[in-house]
Amino acid sequence: MEDKRPGWDEYFMEMAELARKRSSCLRRGVGAVIVKDNHMLASGYNGAPAGVAHCSETGCLREQLHVPSGQRHELCRGLHAEQNAIIQAAKMGVNIDGATLYCTTQPCIICTKMIINAGIKRVVIKESYPDELAQKMAEEAGLKIELLGEKA
């Protein structure tokens, strides 16, 4: 009988996909989980900060201004999934140094810088994102970014 259990990467990416379902972003839903020693430590999805109206209520300013994907992140009301996962770990006092981050979309430059400084060593993604500076900075810092199913 064939073992039908998913591998660890597939298992944790499915958890990131579940987190993605909570996203309130009108443009791109993203989910992320932070894992260490095969234990999930924190999760996040993209959306407005706690206590702030979601884009589904206010509309998307980036959409209204016709801002292309990957540009002018500061105009967004929401936090990215990776940011929310890192913040959740910090709020709970969870050490994520040396962890792996599973994310449904490749992190942007802002998130990549946060991931590097948080001490995360590996990022597994399901889909790429057009941010050359993020890719270059990750390489320079020794941060491994792997497409699910492909080893670096």
Side-chain angles (χ1 to χ4, degrees), residues 6 8-36 38-138 141 143-150:
W8 288 114
D9 286 348
E10 291 79 14
Y11 175 72
F12 290 117
M13 188 59 75
E14 286 183 32
M15 290 186 172
E17 284 289 348
L18 184 60
R20 175 190 229 166
K21 292 180 180 182
R22 291 280 307 155
S23 171
S24 61
C25 179
L26 299 174
R27 292 181 101 181
R28 180 194 310 256
V30 179
V33 296
I34 299 174
V35 174
K36 194 171 183 181
N38 291 332
H39 294 282
M40 189 173 86
L41 304 176
S43 66
Y45 53 87
N46 56 333
V52 176
H54 292 282
C55 297
S56 56
E57 301 168 70
T58 64
C60 176
L61 180 60
R62 290 167 46 86
E63 194 70 28
Q64 292 164 10
L65 296 174
H66 307 290
V67 176
S69 180
Q71 298 178 17
R72 305 293 313 271
H73 296 286
E74 74 279 5
L75 294 176
C76 181
R77 296 179 62 79
L79 291 159
H80 289 184
E82 306 93 297
Q83 295 167 346
N84 273 324
I86 291 168
I87 291 166
Q88 182 186 70
K91 282 182 71 173
M92 302 303 288
V94 176
N95 180 359
I96 59 173
D97 190 42
T100 296
L101 183 132
Y102 292 84
C103 193
T104 57
T105 303
Q106 183 175 332
C108 70
I109 184 59
I110 295 168
C111 292
T112 298
K113 291 185 284 186
M114 290 180 70
I115 289 164
I116 291 166
N117 272 6
I120 293 170
K121 300 299 181 197
R122 179 176 176 246
V123 176
V124 179
I125 60 171
K126 190 168 186 179
E127 54 191 55
S128 62
Y129 184 75
D131 193 327
E132 290 182 32
L133 181 57
Q135 293 169 357
K136 288 178 185 177
M137 194 168 284
L143 175 64
K144 296 177 187 173
I145 299 179
E146 301 172 12
L147 188 62
L148 183 65
E150 297 178 11

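In this chain, residues are counted from 1 in sequence order.
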Between [atom1] of [X] and [atom2] of [Y], what distance do you get to the nearest 0.5 Å?
X      : Y      : atom1 : atom2 : result
Glu17  : Cys103 : CD    : SG    : 10.0 Å
Arg122 : Glu146 : CZ    : CD    : 4.0 Å
Glu14  : Glu10  : CD    : CD    : 8.0 Å
Met137 : Leu143 : CE    : CG    : 11.5 Å
Gln106 : Thr112 : CD    : OG1   : 7.0 Å

Inspect the surroundings of CZ in Arg27 and state if more than 12 heavy atoms from other residues, nucleotides or ligands are less than 6.0 Å away.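 Count over threshold, so yes.
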Side-chain donor-acceptor pair under 3.5 Å between Ser69 and Arg28, yes or no?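 Arg28 and Ser69 do have a side-chain donor-acceptor pair below 3.5 Å.
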Would a distance-only check, ignoring hydrogens and angles, find a side-chain to backbone donor-acceptor pair under 3.5 Å from [X] to [Y]?
X      : Y      : answer
Thr104 : Gly31  : yes
Lys36  : Asp97  : yes
Asn38  : Trp8   : no
Arg62  : Gln71  : yes
Asp131 : Cys108 : no

Please step through side chain to side chain donor-acceptor pair (under 3.5 Å) for the pair Asp9 and Tyr102, ending with a clear verdict. CA-CA 8 Å; Asp9 286 348; Tyr102 292 84; 2.6 Å; yes
Give me the ring orientation class for Tyr129 and His73: parallel if the planes are under 30° apart, tilted from 30 to 60°, perpendicular past 60°.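 Tilted: the ring planes of Tyr129 and His73 meet at 30° to 60°.
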Is there a side-chain contact (heavy atoms from CB on, under 4.5 Å) between Gln83 and Ile110 once you walk through the steps? CA-CA 9 Å; Gln83 295 167 346; Ile110 295 168; 3.4 Å; yes
